[in-house]
Amino acid sequence: MMLSANHQPVQITQQQARRFVLTHQGLWPPCRWAGKQGILSYIRRVGCIQFDPLSIVGHNQELVLQARVAEFRPALLQELLYQDRSLIDGWDKNMSIYYTEDWPYFARNREQACHSPRNSSELELFLPQVLNEIEKRGPLSSADLSYDQIIDWSWAPTRIARAALETLYFRGELIIHHKARTRKIYDLASRQLPRVLLQSPDPNKTEQQYHDWYITRRIGSIGLLWNKSGDAWLGISGIKSSERSEALQRLLMQGRIIEIAVAGIKPVLYMRSEDSYCLDSVLHQSEQECHASILAPLDNLLWERQLVKALFNFDYRWEVYKPADKRLYGYYVLPVLYGDQFIARFEPAIDKQSRTLVIKNWWWEPDVQQSEQMRAEIGRCLLRFADYLGIVFIPSQADAYN
């Protein structure tokens with residue numbers, strides 16, 4: 001894409017913006033990646049995906065990938081994390097999964113953890129003991145340690161065993177070796193990661209370089225992003241709104257990002273320059289057949305909820321932490337995408353006895369023009385979704401959304 005001489009924003013329509021973001025996210029069309037290489041390709045593009053321990057029809061990270069990677073199975077992600085070590089559990093957009101090779105870029109986070117106000121002299125006394133036990137006994141969880149004293153912690157008072165493991169994890173001395181359901185089993189980073197990686201210096205030598213890297217990374221996590229405070233910027237330690245604005249201006253001057261003006265949306269949006277080819281393909285592509293996808297509650301596409309509302313006219317809130325009488329929809333509700341529009345949301349469940357996918361509730365979005373083609377594609381989408389879960393979907397349940 002060629003920029004104008006005076007670097008004026010690139011003008012596009014809302015439909016073009018939607019299709020660009022969906023193409024960037026691997027959702028237009030969906031499932032064009034496959035296998036472990038497909039998982040890696042997507043995560044390399046967006047930087048990270050969010051991890052969440054809650055599992056109703058799979059964990060959030062699995063739901064993200066099943067919408068993008070053909071015939072995705074959770075075991076593929078487990079292998080990449082805990083056998084291949086190509087990916088790692090880390091802190092980026094809150095709890096996340098990202099490329100292990102990105103380890104050096106988060107050196108500031110680990111250094112900051114060493115000087116956290118949560119640290120106490122009482123806790124510090126136990127850290128060498130915990131490290132010594134893991135070195136001798138191998139990977140351990142908090143349940144394997146007998147340090148039962150209670151200490152104030154970030155969420156609530158907890159056992160010193162857990163606080164010590166988490167402290168060492170955030171400092172980078174431990175990594176998550178594997179998980180048994182939601183229980184984290186830790187091992188020495190030095191035993192699991194290459195020495196050359198652990199000894200690599202932070203590629204960002206200055207604070208400004210760090211800000212520029214992180215702002216660019218977060219724009220790429222979605223595809224388009226504006227300079228407004230919101231959930232999309234969560235998890236970026238030490239970068240306030242003024243510093244974000246300064247970084248965006250530097251990145252514009254360096255030509256690393258491009259301003260995008262979307263018709264009907266007042267704030268200018270930003271796109272990584274390296275993604276220009278993707279926007280070009282959208283601007284010149286012909287109409288595509290509409291496919292349906294079921295998205296995760298913490299899907300990268302949904303990180304900036306106000307931007308989703310502006311682009312897609314879709315207002316989505318994850319209501320698992322709301323009291324039942326305060327919810328507009330249900331406990332665990334997932335969006336349904338069809339083509340370049342959100343057309344519905346539904347509350348899924350698994351009947352454990354019959355191993356079938358259950359549609360507890362289905363809500364169409366206002367003004368959706370249902371068609372036989374749309375309903376047929378939703379049926380195929382639900383079959384694919386059940387297959388990812390290793391269960392079945394009974395087509396007669398289609399009555400729930402007809």
**Report entry** Pairs satisfying ring-ring contact (aromatic ring centres under 6.0 Å, His included), at least one member in residues 219-250, at least two apart
**Finding:** none
**Report entry** Sequence neighbours excluded - ring-ring contact (aromatic ring centres under 6.0 Å, His included) pairs with any residue from residues 282-307
**Finding:** none
Query raised in the report: Once you round to the nearest 0.5 Å, how far does CE of Met271 lie from CD1 of Ile260?
Result: 4.5 Å
For [range], pull every pair meeting salt bridge (charged side-chain N to carboxylate O under 4.0 Å, His left out), keeping only residues two or more places apart or in separate chains.
range: residues 9-26; result: Arg18-Asp340, Arg19-Glu287, Arg19-Asp340
range: residues 23-41; result: Lys36-Glu79, Lys36-Asp84
range: residues 237-257; result: Asp212-Arg250
range: residues 324-338; result: none

Requested in this report: For Tyr98, enumerate each residue passing the ring-ring contact (aromatic ring centres under 6.0 Å, His included) test, keeping only those at least two apart in sequence or located in another chain.
Outcome: Phe106
[X]: what forms a salt bridge (charged side-chain N to carboxylate O under 4.0 Å, His left out) with it, not counting sequence neighbours?
X: Glu207; result: Arg108
X: Arg85; result: none
X: Glu377; result: Arg380, Arg384

Report task. Return the set of residues passing side chain to side chain contact (heavy atoms under 4.5 Å, CB included) with Glu111 (not counting sequence neighbours), or none when no residue passes. Result -> His115
Query raised in the report: With the threshold set at 4.0 Å, does a side-chain nitrogen-carboxylate oxygen contact exist between Lys93 and Asp231?
Result: no
Report summary line: Contacts of Ser86 meeting side-chain hydrogen bond (donor to acceptor under 3.5 Å, both in side chains) (sequence neighbours excluded), chain-then-number -> none
